[in-house]
Amino acid sequence: MPKVQKKKPTKKTTRRKPKKNLVIVESPSKAKTIEKYLGSRYKVMASLGHIRDLPKSKMGVDVAADYEPHYISIRGKGDVIKELRKEAKKAQRVYLAADPDREGEAIAWHLSYILGLDPQDKNRVVFNEITKDAVKNSFKNPRAIDMNLVDAQQARRILDRLVGYSISPLLWAKIKKGLSAGRVQSIALNLIIKREQEIRSFEPEEYWTIDSQFQHGRTKFEASFYGLNGKKLKLNNNEETQKILKQLEPTKPFTITKVERKERKRFPALPFTTSTMQQVANNSLNFRTQKTMMVAQQLYEGINIGKGGVVGLITYMRTDSTRISGIAKHEAATFITDTYGAEYAAVKPRKGKLAEGAQDAHEAIRPSAVKRTPESLKNYLSKDQLKLYSLIWSRFVASQMTPAIVDTMSVNIEQNGVLYRARGSKMKFPGFTKVYAESKRKDNILPDLTEGDTVKLVQNQPNQHFTLPPARYSEATLIKTLEENGVGRPSTYAPTLSTIQKRYYVKLTARKFEPTELGEIVNEMIEKCFPDILNVDFTAQLEGQLDEIEEGKQEWVRVIDQFYRPFSKEVDAAGEQLAKVKIKDEPAGINCDICGAPLVVKLGRYGKFYACSRFPDCRNTKPITKEIGVECPQCHKGQILERKSKKNRVFYGCSRYPECDFVSWDKPVGRNCPKCSHYLVQKKLKRGLQVKCSHCDYAEELQK
């Protein structure tokens, strides 16, 4: 029989998986969004912000070697670096997609060093908005790392390190440990203290007004005293006011001597920059600056909007430009025409003048797609996200709309040389206010009056007033002042305000900054020894030089050297001249419950507290509390005390703690709910105070 030949087993050919491209961004949420847009050929990872920085334990800048920085890997980032290196080795190509600003460029440069990449290779991608089209288009045109941007960020970091690590040890030696100083934060603190000094030295001046009501036919309208014999006159006291009133004959008619009608245009505000967004969010939404930036970051990085998937809802939120792209303008014009009518779409929208020193690197903050109205997204956004998105969306849409037109009317009313003036206004065409009403404006319609008409005086009310001191800075007004003076940049405002509060140099009282004793001591020392640090013009000039480094017009080493040489001499002189400041401990009026020695009031990082006068032999400390006259609703034995958290926020707890763990952010009022018998608390609302149940929906009327 013929032999049957056995078939040789065929070798399995294993296909190698194609290598993926590695993309490195800053945050994990952004990584997830971008990976969905780019598809299976890309792996997107997050660096979690910076991976290298100057060491915390020492200056980290070699002044003798052209200010060479000594960067180290940030503690806790070891595993992240290890994973990035592992994936970079496997990847076909590595793209660095950190944020599109100086900080992002520096992060990309540090990543290229850690991963052994050539900074001159075209591996840097930037996008101003996280949408599918914007992200995909950015990968079509990668570029090399912009070393001018890196040098500008590096110069700022080194300058801040030289200032902070030179002045802070002086503060520790002369005042107390744990203090710090910085370029921008020192100016912010100085502005707050100068304003406080103005308030303290302010002497109120008396002045009077005469507010009146007139009647023409059946219509009554308001008017105010303006002047005498055709000239404006200020009333300084009651004597002057009574003299005017004696010239009048109240029962006789008053004559309309002048009627002026005008049409006034109100133009929309420009789209948001970082600082204007922070200011308006603070004023309108009561958002702290850090909260505004946190919520804006979430909107930028991407929100899941159902069928549309995860998408970035706004453009990059760190910008000082009001510029808008041509595509965004066209989309807005189409949306406005379709939704409100062609008469509401501006043919030539108002253009903003670029502020001195502004970068104009990015567009203004705007929605990535104008068709995504706040109403269409309300089911996908949190309460805070919806509030901020609505603000950004409406501000942008309004900026592309026609102005509002208001008819105004001014009327002069006279008798015996005494002149009153009434002003009225009526909206003729709403324009941009259809979308973005800057304030709740009401029409004030005057009767149809002509010159020669007579009107009857109904009421004449003289009122005494006193001039008020300048208001303390809020977060919004402080940011505005810093920006107007050219101090700091969009990315610096939030951390600056946070730092001066964390160091307890200032505290927020009724949303206004008030300096602490510690803040005034620190400011006095910096004012005395480092005048250039507090010189607004000098600091603004320095910011301008940093901008010139970014534009390639200045060398960063030269800029730092020009600053540091005279500054280092000031540091040496301050160390010799300054006497140690003794912060006096005030007696608390009570004794230590451990050793019986008197307690004193000490100033710590989080404010004042009680401590034993025998420290360090006795280390007893107690928080400063005050009773509010309410029995604890939980144990019915202790008293409710007003306390302060580490973040200086007031809360309420039982005096028997830790035996009784009752705690509440809201103030208990000492009564029980008539509906469910749980304790009632006092809630703060914009309109005032409300008493509300801690358990059910029972609420009492607002206290007027």
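Nothing here was measured: the structure is a model prediction, and the numbers come from that model.
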Whether D62 side chain and A64 backbone form a donor-acceptor pair below 3.5 Å: yes

Discussion item. Donor-acceptor pair, distance only, cut-off 3.5 Å: does the side chain of T509 make one with the backbone of K512?
Written reply: no

Do the numbers put R161 on top of the ring of Y165, so that NZ or CZ is under 6.0 Å from the six-membered ring centre and no more than 45° off the axis? yes

Cation-pi between R195 and Y473: NZ/CZ under 6.0 Å from ring centre and within 45° of the ring axis? yes

Problem set entry | N/O donor-acceptor pair under 3.5 Å between N282 side chain and F287 backbone | yes

Working note: R511 + E475, criterion salt bridge (Lys or Arg N to Asp or Glu O under 4.0 Å); need CA distance, chi angles, decisive distance, verdict. CA-CA 8 Å; R511 294 179 61 204; E475 288 196 348; over 6 Å; no

| query | So, for Y42 and F139, is the gap between ring centers shorter than 6.0 Å? | reply | yes

Worksheet entry | Close aromatic pair by centroid cut-off 6.0 Å: F563 and F567 | yes

Apply the test side chain to side chain contact (heavy atoms under 4.5 Å, CB included) to residues I72 and R52: give CA-CA distance (whole Å), side-chain angles for both, the deciding distance (0.1 Å), then the verdict.
-> CA-CA 5 Å; I72 61 166; R52 288 204 310 162; over 6 Å; no

### Over 12 non-hydrogen atoms of neighbours within 6.0 angstrom of CZ in R75
no

Hits for side chain to side chain donor-acceptor pair (under 3.5 Å) against R558, two or more places apart or cross-chain, chain-then-number order -> Q554

Under 3.5 Å, side chain of K553 to main-chain N/O of D547, donor-acceptor pair present? no

